[in-house]
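Since we're looking at a predicted model, the values are computed, not measured.
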Amino acid sequence: METISGRLEYSLQNVGAKSQGNFAILKCNNNKEYVLYRSGRLPLEDDFFLPYHGKRIKVEGKAEERNGYFCVHSISESVETNDNEKEKQ
């Protein structure tokens, strides 16, 4: 399991494409971005992440570095100021 943190933006992506829709994007301080999704669900239009929009959060799960996706196992609001931390457990 890995833990990453940052500010969540729930925003419209891929405008004009078949995959156009709202995605949960975690923006870390190190300029790295992850598309968040939950196991068994598409990352597109998952309203689960909507209450966290604009908030600093911490997520635990598994990163897919090759495509920039992150499978979320747990999520919580964070008060940390260091968004670029990433820990492997």
Side-chain angles (χ1 to χ4, degrees):
M1 277 296 175
E2 299 165 83
T3 301
I4 59 174
S5 58
R7 185 169 307 280
L8 184 89
E9 290 187 11
Y10 191 77
S11 61
L12 184 63
Q13 302 289 315
N14 306 326
V15 176
K18 285 184 179 181
S19 61
Q20 175 178 318
N22 290 300
F23 288 81
I25 310 293
L26 184 67
K27 296 189 173 195
C28 303
N29 277 348
N30 62 359
N31 294 325
K32 192 148 195 161
E33 294 184 0
Y34 290 95
V35 176
L36 303 182
Y37 74 98
R38 297 182 293 154
S39 182
R41 296 193 176 245
L42 294 174
L44 176 68
E45 304 295 341
D46 188 352
D47 291 340
F48 171 80
F49 296 105
L50 195 53
Y52 299 99
H53 172 68
K55 296 181 179 178
R56 187 173 308 282
I57 62 168
K58 185 187 306 186
V59 292
E60 189 174 291
K62 181 158 176 49
E64 299 172 18
E65 296 293 340
R66 64 178 165 69
N67 61 12
Y69 281 63
F70 193 92
C71 182
V72 175
H73 293 260
S74 68
I75 186 170
S76 61
E77 286 190 47
S78 174
V79 292
E80 296 176 19
T81 57
N82 186 5
D83 284 344
N84 60 0
E85 74 178 49
K86 182 175 176 182
E87 304 167 359
K88 291 193 180 207
Q89 296 176 340

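- Between S39 and C71 the shortest heavy-atom distance is N-SG, 3.8 Å.
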Side chain to side chain contact (heavy atoms under 4.5 Å, CB included) evaluation trace for F49 with I75: CA-CA 9 Å; F49 296 105; I75 186 170; 4.1 Å; yes

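- Applying the 6.0 Å contact sphere to CG of D47 captures more than 12 heavy atoms from other residues, nucleotides or ligands.
- R41 forms no cation-pi arrangement with F48, by the criterion of a distance under 6.0 Å to the ring centre and an angle within 45° of the ring axis.
- Heavy atoms only, all atoms of each residue included: Q20 and L12 are closest at CG-CD1, 3.8 Å.
- Between R7 atom CZ and E33 atom CD the span is 13.5 Å, to the nearest 0.5 Å.
- Using a 4.5 Å heavy-atom threshold, the side chains of E45 and Y10 count as touching.
- When side chains are defined from C-beta on, Y34 counts as touching I4, because their heavy atoms get closer than 4.5 Å.
- Taking each heavy atom of S78 and K58 in turn, the nearest pair found is CB-N, 3.9 Å.
- You'll find the side chain of L8 stays beyond 4.5 Å of the side chain of K55, heavy atoms only.
- Interatomic distance, CD1 of I57 versus OG of S5, reported as 9.0 Å (0.5 Å rounding).
- For the atom pair K62 NZ and M1 CE, the distance stands at 10.0 Å (nearest 0.5 Å).
- Hydrophobic side-chain contacts under 4.5 Å tie L44 into a cluster, directly or through other members, with F23, I25, V35, Y37, Y69.
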